[in-house]
Structure formats: structure tokens, C-alpha cells
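These notes concern the structure reproduced below.
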Amino acid sequence: MTEIGKIVVRLEEVDSTNEYAKELIGQGAKEGTLVISGIQTGGKGRLDRIWESPKGGLWISVALKPKGGLVGDKLGILPLMAGCAVAKAVNAVSGLDTRLKWPNDVMINGKKMSGILAESIIHDDDRWVIIGMGINVNNNVQEGYDFSSVSTSIIEEKGSPTEIEQLEIQLICELERLYNMAVEGQDKEILNEWRSTADTLGRKVLILRQKDELAGIAKDIDDKGALILELEDGSTEIVLAGDCQHIDV
Ligand code: BTN
């Protein structure tokens with residue numbers, strides 16, 4: 001069983017916890033190592049965006065060296081499982097109704113509270129996956145900085161501060177549980193957890209891709225986490241990546 005968070009590197013400030021985790025892997029870090037920083041000066045979001053990371057949020061990355069059958073396109077399950085872990089952990093400490101927007105944004109009341117950035121590197125012939133999780137906890141998010149969603153934080157939705165240490169503990173437990181399920185090949189169970197937490201399925205959505213946009217009904221996700229979209233002409237498109245907007249809110 002892989003233990004997550006046996007080694008935790010805590011920093012006051014760093015450019016990006018994902019970048020720092022990559023450096024640690026280069027120096028021989030153990031699988032499951034966590035990097036947590038109070039502030040990120042160069043926080044990175046999906047699709048080359050900036051991720052604002054002021055004091056009060058939880059900016060955290062985990063270094064994973066997937067094994068067993070967790071190779072190739074099976075790795076696509078990892079960002080989905082991280083979204084599930086964040087949604088469950090935030091719900092456990094705040095009682096708020098957390099929902100997933102495909103692929104792995106964590107939403108509260110239709111607003112984005114957390115995002116996941118998964119990156120992959122090869123070190124000494126081994127594939128590593130770094131999963132970075134950005135959670136707006138006690139920081140006020142004045143205006144949305146992700147154009148696909150309005151942003152929020154736990155404090156804005158709950159009205160009172162959250163103990164970040166409690167959230168860390170819950171998140172580590174959930175990551176460890178779900179990651180070990182993934183290593184053991186329990187993809188179906190993880191995908192079902194994602195489905196039961198998701199807010200995207202059954203909705204009318206707009207998918208923004210680099211070169212085009214697609215509108216349709218989000219029917220389901222496939223066994224690799226891609227979105228199964230029914231287009232207006234009745235045909236089906238499998239969407240591997242892109243920004244998703246719920247347009248029937
Ligand atoms: C997104 O665009 O939704 C993904 C945001 C991911 C942000 C996190 S914060 C911790 C880790 N370090 C980074 O630089 N990015 C991720």
C-alpha cells in the first residue's frame with residue numbers, strides 16, 4: 001500500500017508546489033511525498049493559466065509513481081480521483097455540498113472552489129505523476145480568475161474560517177484511499193464515485209477547446225474519464241480535454 005503524506009515538505013512561499021515536487025523527485029523523493037506552501041508566487045493552472053495562490057488557501061502537490069496496471073491512458077483516472085478526494089475532504093470539514101465539474105473542478109453552489117493540475121515526468125526511467133491541488137479555503141476570491149467559472153472559497157460559502165490542518169488530514173486520507181484503489185485496478189469504483197459527486201452529467205454544456213467549441217448534453221464519462229457528449233444533431237463526441245461550462249444553470 002502506498003502511504004501518502006509520510007513525508008511533508010512545508011514551505012512559506014514557493015513559485016509552484018508542482019515545480020518543487022518535480023525538483024524533489026529529481027533528488028530521489030519517495031512516492032507519496034507532499035509539498036504544501038502558504039503562498040505560491042507562480043501558481044499554475046490548467047491550459048497554461050495563472051493560478052492565484054495567496055495566503056489562506058491550501059496549495060498542495062503529491063508526487064506519485066504509479067505502478068501495477070496504472071500505465072498509459074489508465075493514468076487519466078488520477079486527476080479524477082484527486083477531484084473526488086478534494087470534494088470529499090472539503091465536504092467533511094465544512095459540511096458544504098461539493099460537486100465536480102468535468103473534468104475535475106470542485107464547485108460549491110455552482111462556483112469553482114478548487115482546481116487540479118496533473119503533470120507527468122520521467123525520472124530514472126520511471127514515470128511520475130505530480131498532482132497539484134489548489135483549494136480556496138480562507139482566502140477571499142474577489143473575482144473569478146478562471147474564465148470558465150465564477151470562483152469562490154470555503155470561507156465565502158460557509159461564512160466562517162476552516163482549520164486548514166483538519167482539511168489537510170481529510171485530504172490525505174481520501175487521496176490515500178482513492179490512490180490505492182486506483183493501483184489495485186478499482187477504476188470502476190472510482191469512476192462511480194466521480195459520477196455520484198458530479199454536477200455535469202445530464203446537463204447542457206459548452207466545451208471550449210483550443211480550436212473549437214462544442215455544445216451538447218453531457219451524457220456520461222467513459223472508462224478513462226473522457227466526457228461523452230451528445231451533440232445537437234444527435235451524434236456522440238468523446239471529449240478528452242477542454243474547459244466545460246454548465247450552460248443550463
Ligand atoms: C486549474 O486550472 O483549475 C488547476 C489549478 C491547480 C492549482 C494547483 S495549486 C497547487 C499546485 N501548484 C501549482 O502551481 N498548481 C497546482
Side-chain angles (χ1 to χ4, degrees), residues 1-5 17-18 21-22 25 31-34 44-47 60-92 98-107 112-123 126-135 170-202 205 207 209 218-229 236-244:
M1 186 178 120
T2 304
E3 283 180 298
I4 307 263
T17 54
N18 269 28
K22 286 182 204 168
I25 292 167
E31 189 189 25
T33 297
L34 290 174
K44 303 187 302 172
R46 287 172 63 236
L47 309 170
I60 178 169
S61 298
V62 60
L64 300 173
K65 189 167 70 170
K67 49 193 153 302
L70 206 46
V71 289
D73 56 14
K74 292 256 177 209
L75 293 173
I77 195 113
L78 294 180
L80 296 187
M81 73 101 201
C84 287
V86 171
K88 288 243 152 89
V90 171
N91 171 262
T98 46
R99 297 271 141 194
L100 291 163
K101 178 163 77 76
W102 184 85
N104 44 40
D105 288 347
V106 188
M107 318 289 286
K112 177 164 170 172
M113 175 269 304
S114 169
I116 314 283
L117 176 68
E119 298 182 277
S120 173
I121 58 167
I122 303 279
H123 174 67
D126 288 320
R127 175 160 302 284
W128 287 77
V129 176
I130 301 100
I131 302 201
M133 291 150 280
I135 309 178
Q170 287 293 334
L171 181 59
I172 291 168
C173 287
E174 287 297 333
L175 282 172
E176 190 170 279
R177 176 180 71 82
L178 286 156
Y179 180 59
N180 284 295
M181 282 170 65
V183 171
E184 285 160 19
Q186 295 178 42
D187 305 33
K188 281 197 176 70
E189 289 79 358
I190 295 173
L191 292 168
N192 282 338
E193 274 201 43
W194 188 95
R195 288 183 180 102
S196 66
T197 318
D199 205 14
T200 301
L201 301 181
V205 296
I207 304 293
R209 301 195 289 195
K219 299 301 276 187
D220 198 1
I221 49 170
D222 71 8
D223 56 357
K224 291 165 194 84
L227 188 69
I228 303 173
L229 190 66
T236 297
E237 177 101 12
I238 306 293
V239 186
L240 298 173
D243 260 325
C244 173

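Heavy atoms only: backbone and side chains are in, while hydrogens, waters and symmetry mates are out. Note that the structure is predicted; figures quoted are calculated from it, not measured.
Looking at Leu229, Ile207, Val205 one by one, the single match for side chain to side chain contact (heavy atoms under 4.5 Å, CB included) with Trp102 turns out to be Ile207. Of the candidates Glu174, Glu31, Glu184, Glu31 is the only one forming a side chain to side chain donor-acceptor pair (under 3.5 Å) with Tyr179.
Annotation: salt bridge (Lys or Arg N to Asp or Glu O under 4.0 Å) contacts of Lys224 (sequence neighbours excluded): none. Scored by the side chain to side chain contact (heavy atoms under 4.5 Å, CB included) test, Leu47 finds Arg49, Asp243 as partners (sequence neighbours excluded). Every residue two or more places apart in sequence or in another chain that forms a side chain to side chain contact (heavy atoms under 4.5 Å, CB included) with Asp199 is listed here: Arg99, Arg203, His246. Remark: Ser61 engages Thr17, Asn18 in a side-chain hydrogen bond (donor to acceptor under 3.5 Å, both in side chains) (not counting sequence neighbours). Under the side chain to side chain contact (heavy atoms under 4.5 Å, CB included) criterion, Ala63 pairs with Ile25, Trp128, sequence neighbours left out.
Here Lys188 contributes atom NZ and Leu191 contributes atom CG; the two are 9.0 Å apart, rounded to the nearest 0.5 Å. Put simply, CE on Met1 and CD1 on Ile4 are 8.5 Å apart, with the number rounded to the nearest 0.5 Å. Note that OG of Ser120 and CZ of Arg127 are 3.5 Å apart. Values are rounded to the nearest 0.5 Å.
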Please output the side-chain donor-acceptor pairs of residues 73-89 that fall under 3.5 Å, not counting sequence neighbours, one pair per line with the distance.
| from | atom 1 | to | atom 2 | distance (Å) |
| --- | --- | --- | --- | --- |
| Lys88 | NZ | Glu193 | OE1 | 2.6 |

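Glu119 places no side-chain N or O within donor-acceptor distance of the main-chain N or O of Ile130, the cut-off being under 3.5 Å. A donor-acceptor pair under 3.5 Å is formed between the side chain of Trp194 and the backbone N or O of Pro103. With hydrogens and angles disregarded, no donor-acceptor distance shorter than 3.5 Å links the side chain of Arg209 to the backbone of Leu240. Judged by distance alone, with hydrogens and angles left aside, the side-chain atoms of Asn180 form a donor-acceptor pair with the main-chain N or O of Thr2 at under 3.5 Å.
The nearest pair of heavy atoms linking Ile135 to Ser114 is CG1-OG, 3.7 Å. Nearest heavy atoms, Leu100 versus Thr200: O-OG1, 3.6 Å. Of all the heavy atoms in Ala182 and Asp187, the pair that sits closest is O-OD1, 4.4 Å. When every heavy atom of Leu171 is checked against every heavy atom of Ile60, the shortest pair comes out as CD2-CG2, 4.1 Å.
Environment of NZ in Lys67: crowded, with over 12 heavy atoms of neighbouring residues, nucleotides or ligands closer than 6.0 Å.
Between Asn192 and Arg195, the closest side-chain pair of non-hydrogen atoms falls below 4.5 Å.
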